[in-house]
Amino acid sequence: MDFLSTLNEPQYEGVVNTEGPAMIIAGAGSGKTRVLTYRIAYLIKEKGVDPFNILSLTFTNKAAREMRERIEKVAGLNARNLWMGTFHSVFARILRAEADRLGYPSNFTIYDSDDSKSLIKTIVKEFGLDDKVYKPNVVLNRISGAKNRLVEWSEYINNPLYAADDAAAQKPEMGRIYKTYCQRCFKADAMDFDDLLLNTNILFRDHLDVLHKYQHRFKYVLVDEFQDTNVSQYLITKKLSAVSQNIAVVGDDAQSIYAFRGANIENILNFEKDFPDLKVIKLEQNYRSTKNIVEAANSLIAQNKGQLKKSVWTANNDGNRIELIKSISDNEEGRFVSSTIFEQKAQNNYENKDFAILYRTNSQSRAIEEALRKSGIPYKIYGGLSFYQRKEIKDLMGYLRFAINTNDEQSFRRIINLPKRGIGPTSVEKMVVAAFEHDIPLWEVLTNIDMFLPGRAANAVRDFVTLVKSFKIYVDSKDAFEAASHIAKASGLLKELYDDKTVEGLNRYENVQELLNAMKEFVETPEVEDKTLGAFLQDIALLTDADNEDPTDNDFVSLMTIHASKGLEFKNVFIVGLEEDLFPSQMMLSSRADLEEERRLFYVAITRAQDNLYFSYALSRYRFGRLINCEPSRFIEEVDPNYIFVNTRFGSREPKLGKSEQPPGFSSSFARNLMSNKKPVAKKPLQYHKPSVDFKPSDTSKLGEGMKVEHPKFGFGKVRKLDTEGANKKAIVIFEDFGEKTLLLAFAKLRIVE
DNA sequence: GACTCCGATCTTTTT
DNA sequence: GATCGGAGTC
């Protein structure tokens with residue numbers, strides 16, 4: 001085993017201790033992936049274990065793919081039979097195989113969080129509740145939290161503790177919503193993300209023969225990113241390895257950043273309890289970063305109270321100190337980042353792909369993006385609105401999903417009136433309710449529509465049913481690409497997009513083509529055995545954007561959230577938007593009061609960097625379309641100042657803003673104050689592009705034809721015509737920048753200029 | 001009952 | 001800067 005010679009002592013231990021339970025605590029940059037891959041390779045080559053008997057669970061599909069490739073390099077091609085993937089994808093596969101045990105068909109649909117949220121929204125509406133109180137996000141989080149602790153709705157409803165909790169939160173109907181939500185999912189032959197784990201637990205709990213089968217099958221279980229697993233996931237792995245005891249978990253408690261999703265650090269403690277003769281191995285040498293970066297990260301994380309004992313160190317060079325940059329605005333911050341990238345590339349021969357810009361929230365990418373575009377630096381944004389979340393893609397997917405599973409309520413709602421066929425929300429609601437009240441599948445209501453819906457709409461539904469039936473024939477007899485192409489055309493979706501000649505319309509059309517291309521590729525891949533549409537949908541249901549592309553593939557700067565950066569490394573890293581309330585996030589602090597998790601997030605960001613690290617904050621920033629003042633993040637002060645070097649390039653002189661970005665009231669003295677004082681002084685938040693005069697609808701009573709007016713959105717214009725007849729008073733205004741608009745006077749916020 | 005348009009509202013992170 | 005919901009119209 002020549003490859004073993006490259007490992008250090010604890011790494012070696014981590015690889016060869018394959019029998020019995022093991023916990024590998026791996027500090028950032030300590031070669032964790034290496035240990036995992038070598039461990040699997042060692043099992044196959046040295047121990048002669050059949051790859052078929054190894055289950056390796058990772059956090060993202062991408063991590064799984066990378067690991068598989070690396071193992072194949074070391075251990076040869078038979079590694080292909082490994083069971084490797086995310087918890088969700090692996091257990092979705094098992095659930096499909098055993099679906100009948102749970103009363104599900106094996107072609108069940110997987111609801112993504114958008115589907116879940118809209119289902120919750122309809123339920124809240126049907127119950128006649130206020131969706132301001134029962135916000136879909138909040139309700140879903142509550143349900144998700146329960147499921148991840150294996151609390152099913154029946155238990156939830158009967159447990160007075162939960163009822164008391166919900167009553168205290170002014171949401172007494174939560175249990176009822178939970179129950180209905182589950183029933184609706186089941187009826188639609190659908191599982192949400194959490195169901196994939198919960199139902200696996202139920203499957204293993206209620207069907208011991210199935211459990212035994214998989215216990216026998218998976219003789220070796222490996223779990224990556226163990227700190228981010230939730231109770232539901234942990235129990236699955238625990239059950240699977242109860243007989244063989246060959247379970248290895250790898251993780252770093254300092255990098256646990258998914259508690260909001262139910263991740264539970266206590267799993268680590270439970271693991272020690274559940275597997276008492278456990279072998280603990282600590283990887284503490286960091287190979288990734290300079291000494292300055294490692295120590296800075298250590299000094300930060302030392303502030304956290306709850307953590308395992310571990311001391312990360314490195315033999316690498318000191319390297320540069322962390323540069324702290326303050327800027328006046330988020331735009332300037334963007335300019336600074338892009339000019340620094342430019343200089344670094346010129347001076348130190350870095351390529352674009354050596355740079356990453358990390359931020360707390362996706363919405364922060366905009367200002368950075370603009371600056372990079374202006375300086376002609378190629379970049380790529382990860383995350384944000386993912387490809388599969390785009391409307392046009394979801395529309396087509398809705399058709400495809402419905403053709404596979406005609407009980408999928410969410411897809412049904414999406415496509416039933418798209419393109420318009422004269423079936424409005426009232427009719428839709430009638431059909432869905434009918435299915436529920438008569439306890440029959442939705443498809444049965446549709447095929448016997450005369451019994452449930454009178455008149456015109458029924459005809460439209462009949463046509464729709466005929467259309468879907470024809471789609472099903474295609475789905476059954478053709479491959480994914482042919483079936484989807486046909487459906488895209490015959491549904492009229494493609495034509496509608498094609499007819500839209502605006503830039504966005506063109507974009508949408510291309511996106512749909514891209515999806516079809518992906519199917520073509522899928523169908524033409526020789527290793528893919530099942531080329532049906534159903535197989536394709538199963539394949540992509542659990543994909544995320546991050547899985548689609550490899551940042552090392554091409555030469556561009558990477559922009560992403562810190563969460564998305566987990567597991568990656570870059571030579572140069574910018575952490576931008578280091579402002580109080582943004583990072584640490586206001587929301588995180590107020591809702592869960594978990595400063596430590598935010599700090600771990602910062603730790604993750606810092607430890608992505610190999611050579612150079614930059615902290616950056618802006619003293620004013622656009623949020624919610626408004627310019628607000630910001631204070632530097634407390635986290636900056638928590639890093640030992642010995643490792644930080646304050647960049648004075650911009651701080652020493654008064655910043656100049658371009659005219660277009662100077663908000664009213666942004667005087668040079670204000671700017672000076674911002675830069676010199678530690679805390680910016682401003683009596684009121686700055687307003688941007690908001691007219692100084694209040695726009696009131698009552699102003700419009702004095703309106704006359706030919707008058708010059710101002711509108712908060714459209715700017716200046718001239719009234720061409722007033723229509724004061726009848727109940728609907730209208731004004732037709734020709735705006736200088738936006739052309740002719742018809743405004744309803746009851747709502748129009750017009751100000752008379754002269 | 002369906003459709004259209006304007007204005008209000010909201011943004012934490014993700015499988 | 002998108003999406004949602006309400007009001008008004010067809």
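Below, read A as the first sequence line, B as the second, and so on, with proteins coming before strands; counting in each chain starts at 1. FYI, side chains are in, hydrogens and waters are out, and symmetry mates aren't considered; it's all heavy atoms of this structure.
Of the listed nucleotides (B/dT15, C/dA2, B/dC3), C/dA2 has the atom at the smallest distance from the side chain of A/R366. Checked against B/dT15, B/dA2, B/dT14, the side chain of A/T561 finds its nearest nucleotide in B/dT14. When each of B/dT14, B/dT15, B/dA2 is scored by its nearest atom to the side-chain atoms of A/F193, the top-ranked nucleotide is B/dT15. The side chain of A/K420 lies closest to B/dC3 when the candidates are B/dC3, C/dG1, B/dT15. In this structure, of B/dT15, B/dT13, B/dC3, it is B/dT13 that holds the atom nearest to the side chain of A/N362. Of the candidates B/dT14, B/dT15, B/dG1, the closest approach to any side-chain atom of A/T60 belongs to B/dT15. The side chain of A/N417 lies closest to B/dC3 when the candidates are B/dT14, B/dT15, B/dC3. With distances taken from any side-chain atom of A/K121 to the nucleotides B/dG1, C/dG5, B/dT13, the minimum falls on C/dG5.
Residues A/D228 and A/K566 are paired through a salt bridge, judged by an N-O separation under 4.0 Å between the basic side chain and the carboxylate.
The two residues A/R360 and A/S585 have their closest heavy-atom pair at NH2-CB, 4.0 Å. In terms of heavy atoms, A/F59 sits closest to A/T86 at O-CG2, 3.4 Å.
Contact annotation for A/I562: no contact, since no heavy-atom pair falls under 4.0 Å across all strands. Using a 4.0 Å heavy-atom cutoff across all strands shown, A/D194 reaches no nucleic acid atom at all. At the heavy-atom level, A/S427 lies under 4.0 Å from the strands shown only through sugar-phosphate atoms. At the heavy-atom level, A/F87 lies nowhere under 4.0 Å from the strands shown.
The salt bridge (charged side-chain N to carboxylate O under 4.0 Å, His left out) analysis of residues 414-434 of chain A, with sequence neighbours excluded, yields the pairs A/D395-A/R414, A/R413-A/E429.
What separates CD of A/E598 from C1' of B/dT13 is a distance of 8 Å, to the nearest Å. For the pair A/I257 CD1 and B/dT13 C1', the interatomic distance rounds to 8 Å; values are reported in whole Å. For the pair A/D192 CG and B/dT15 C1', the computed distance is 11 Å after rounding to whole Å. Summarising the geometry, the separation between CZ on A/F59 and P on B/dT13 is reported as 15 Å, rounded to the nearest angstrom. For A/K117 and B/dT14, the NZ to C1' distance is 10 Å, given to the nearest whole Å. Distance, A/E369 CD to C/dG1 C1': 12 Å, rounded to whole Å. Atom-to-atom, CG of A/N230 to P of B/dT14 comes out at 17 Å; the value is rounded to the nearest Å. In this structure, the CG atom of A/N199 is 20 Å from the P atom of B/dT15, given to the nearest Å.
A donor-acceptor pair under 3.5 Å is formed between the side chain of A/D195 and the backbone N or O of A/D192.
For the pair A/G422 and A/N137, both in contact range of DNA chain B, the more 5′-proximal nearest nucleotide belongs to A/G422.
A/S113 has no side-chain polar atom (N or O) that falls below the 4.0 Å cut-off from OP1 or OP2 of B/dT14. Not one side-chain nitrogen or oxygen of A/S363 sits closer than 4.0 Å to the OP1 or OP2 atom of C/dG1.
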Distance-only check: which donor-acceptor pairs under 3.5 Å involve side-chain atoms of residues 599-608 of chain A, not counting sequence neighbours?
from	atom 1	to	atom 2	distance (Å)
A/R599	NE	A/E638	OE1	2.6
A/R599	NH1	A/N304	OD1	2.6
A/R599	NH2	A/E638	OE1	3.3
A/R599	NH2	A/E638	OE2	3.0
A/R600	NE	A/S256	O	2.7
A/T607	OG1	A/Y603	O	2.9
A/T607	OG1	A/V604	O	3.0
A/R608	NE	A/V604	O	2.8
A/R608	NH1	A/L568	O	3.0
A/R608	NH2	A/Q255	OE1	3.1

